[in-house]
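Worksheet: the structure to be examined is printed underneath.
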Protein chains: 2
Amino acid sequence: MAAVDLSTHPGHLARRLQQAHYLLWNTMVSEEITSPQFAVLNALVAEPGLDQRTVGERVGLDRSTIAEVISRLGRRGLLDKVRDPQDGRRSLLRLTDDGGRVHRKLTVRTARMNQVFLAPLSGDEQALFFSLIQRVSDAAEGLRNPVAPGEPAVSRAP
Amino acid sequence: MAAVDLSTHPGHLARRLQQAHYLLWNTMVSEEITSPQFAVLNALVAEPGLDQRTVGERVGLDRSTIAEVISRLGRRGLLDKVRDPQDGRRSLLRLTDDGGRVHRKLTVRTARMNQVFLAPLSGDEQALFFSLIQRVSDAAEGLRNPVAPGEPAVSRAP
DNA sequence: TAGAAATACTCAGTGCCCTGACTAATCGGG
DNA sequence: CCCGATTAGTCAGGGCACTGAGTATTTCTA
């Protein structure tokens, strides 16, 4: 009677998209290392020695989740975690040799997987796909913080 | 050195999009009822008396997850679950009056939330956004089953 | 019609994701 | 210098999502 069409609900579509991605990742990339775990490895390849909070910021994981992910990667021996001697609050992170190897291997497979995943779209459509999702996510993210005083909420015309 | 740009990785973008949505849902729609829970309520408004598996199919949740979601909705008194007398394997589901009320209330709020969420996109872009995501998800979903004999993998030209 | 196959559901285990409360360390202003 | 605010990380708790194994029920078939 008053039911709604979920295919026009971005949240529902986002969930389905992620599930589809999970499926493909699991079959084409790895059953051991998850996509968020790969994102963490990747962040540490780009910037070794980052502290835990910053890694979370780079890959979009909150303090609790990043702690769990890092603990799992540590258990697998893919990264090392040491207290910052300069600031006893921080944990500094660095890939092990194994971590680097795993990252390299998965980078290749991930590229292949992305091709398959995006195959239904033309090159132009893929660019559009990225930019539309990015814009929506960024805007919503901007609504999070109550806007620093003097700062505009989202982007300002240059 | 060999780090990758995650902003061109659809999986990463999908995760970020869902997080953004979660955030908005939590502040604009409900802190009690989640988006997947709403999807289940919605499916039962459209088709009362559905069995558990079919509801899962409608909203895109696997057998285990749908069981959990339904158990939570049952605990809150939003739906009733009875054994099918015709087929003792099935559980038939139906909203309670309370469930219907909650669905109506959230339908309104969800519409408002979607507007805010999609505000950064023009009308044309929103349509594109839906269709691109849909196409990618459907295609990946199509790779799941090993293709019924005689049936084409994805869509067939009409 | 009896046994095999399929189907609906449950349960255990793993991982992601968030909030809110807490601890420990650092930093800043009086 | 010290006390209050800020910051990094941990922990408990709730919810989503998947796989693999197990149970009960139905259905198909030899």
Side-chain angles (χ1 to χ4, degrees), chain A residues 11-12 14-27 29-40 50-57 59-76 81-93 140-141 144, chain B residues 11-12 14-27 29-40 50-57 59-76 81-93 140-141 144:
Chain A
H12 183 70
R15 189 167 61 79
R16 280 199 56 212
L17 185 64
Q18 223 200 343
Q19 285 171 200
H21 174 260
Y22 175 91
L23 189 67
L24 223 56
W25 180 280
N26 227 31
T27 62
V29 180
S30 171
E31 294 183 340
E32 316 287 320
I33 306 297
T34 65
S35 167
Q37 285 173 20
F38 174 74
V40 168
L50 236 45
D51 70 300
Q52 192 168 313
R53 189 196 64 78
T54 307
V55 171
E57 204 175 274
V59 303
L61 292 175
D62 70 297
R63 63 201 189 293
S64 289
T65 306
I66 194 67
E68 290 180 24
V69 172
I70 282 176
S71 131
R72 278 187 277 268
L73 290 172
R75 270 209 309 274
R76 288 176 184 280
K81 174 173 167 179
V82 295
R83 225 56 182 175
D84 184 346
Q86 255 67 59
D87 184 342
R89 292 169 302 182
R90 287 184 165 81
S91 291
L92 303 185
L93 305 169
E141 181 69 22
R144 174 190 274 287
Chain B
H12 184 70
R15 189 167 61 80
R16 280 198 57 213
L17 185 65
Q18 222 200 345
Q19 285 170 352
H21 174 260
Y22 176 92
L23 190 67
L24 224 58
W25 180 281
N26 226 30
T27 63
V29 179
S30 171
E31 294 184 342
E32 316 288 320
I33 306 297
T34 66
S35 169
Q37 285 172 21
F38 174 74
V40 168
L50 236 44
D51 71 300
Q52 193 169 311
R53 189 196 64 79
T54 308
V55 171
E57 203 175 273
V59 302
L61 293 175
D62 70 298
R63 64 202 189 291
S64 289
T65 305
I66 194 66
E68 290 179 25
V69 171
I70 283 175
S71 131
R72 279 187 276 271
L73 290 172
R75 271 209 307 275
R76 287 176 184 280
K81 174 173 166 177
V82 296
R83 229 44 186 186
D84 184 347
Q86 254 67 59
D87 183 342
R89 291 168 300 181
R90 288 182 165 82
S91 290
L92 303 185
L93 305 169
E141 180 70 22
R144 174 190 274 286

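First the proteins, then the strands, lettered A, B, ... as listed; each starts at 1.
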Worksheet item: Quick one: does A/Thr34's side chain get under 4.5 Å of A/Gln37's, heavy atoms only?
Response: yes

Fill in: Residue mapping more 5' on DNA chain C - nearest nucleotide basis, A/Gln37 or B/Asp51
B/Asp51

Discussion item. Quick check against the 3.5 Å criterion: does A/Gln19 have a side-chain atom that pairs as donor or acceptor with the backbone of B/Gly60?
Written reply: yes

Practice prompt. Go through the steps to decide whether B/Glu32 and B/Arg76 satisfy the test salt bridge (Lys or Arg N to Asp or Glu O under 4.0 Å), and finish with yes or no.
Written response: CA-CA 10 Å; B/Glu32 316 288 320; B/Arg76 287 176 184 280; 3.7 Å; yes

Worksheet item: What string of B, S and - do you get for nucleotides 18-29 of chain C, 5' to 3', when a contact is any protein heavy atom under 4.0 Å?
Response: BBBB---BS---

Fill in: Flag side-chain contact, heavy atom, 4.5 Å: A/Arg53 against A/Asp62
no

Practice prompt. Would you kindly give the CZ-to-P distance between B/Arg53 and C/dA6, to the nearest whole Å?
Written response: 15 Å

Practice prompt. Fill in the dot-bracket string of DNA chain C, one character per base: . for unpaired, | for a pair to another strand, ( ) or [ ] for pairs within the strand, taking Watson-Crick or G-U pairs under 3.5 Å.
Written response: ||||||||||||||||||||||||||||||

Item to complete: Establish, with yes or no, whether the OP1 or OP2 oxygen of C/dT10 is under 4.0 angstrom from a side-chain nitrogen or oxygen of B/Lys81.
Response: yes

Discussion item. Between P on C/dC16 and CZ on A/Arg15, what's the gap in Å once rounded to a whole number?
Written reply: 19 Å

Worksheet item: Are any of the side-chain heavy atoms of B/Leu93 and B/Asp51 separated by less than 4.5 Å?
Response: no

Discussion item. I'd like to check B/Leu92 versus B/Lys81 (side-chain heavy atoms, cut-off strictly below 4.5 Å). Are they in contact?
Written reply: no

Practice prompt. Ignoring hydrogens and angles, tell me if any N or O in the side chain of A/Trp25 forms a donor-acceptor pair with the backbone of A/Ile33 under 3.5 Å.
Written response: yes

Discussion item. I'd like to know if the side chain of A/Arg83 and the backbone of A/Gly88 have a donor-acceptor N/O pair within less than 3.5 Å.
Written reply: yes

Discussion item. Using a heavy-atom cut-off of 4.0 Å across all strands, would you classify A/Arg75 as base, sugar-phosphate, or nothing?
Written reply: sugar-phosphate

Practice prompt. Locate the shortest heavy-atom distance separating B/His21 from B/Ser35; write the atom from each residue and the value.
Written response: CE1-OG, 3.7 Å

Worksheet item: Which whole-number value in Å describes the distance from A/Gln18 CD to C/dC16 C1'?
Response: 9 Å

Worksheet entry | Rounded distance in Å - CG (A/Leu73) to P (C/dG15) | 10 Å

Worksheet entry | Heavy-atom contact window of chain B on DNA chain D, given 5' to 3' at under 4.0 Å | D/dG15 to D/dT26

Worksheet item: In whole angstrom, what separates B/Ile66's CD1 from C/dC11's P?
Response: 16 Å

Item to complete: Starting at CD of A/Gln52, measure out to CG of A/Leu61 and round the result to the nearest 0.5 Å.
Response: 11.0 Å

Worksheet entry | Whole-Å gap separating P (C/dT7) and CZ (B/Arg90) | 10 Å

Fill in: Donor-acceptor under 3.5 Å (A/Glu141 side chain, B/Ala20 main chain)
no

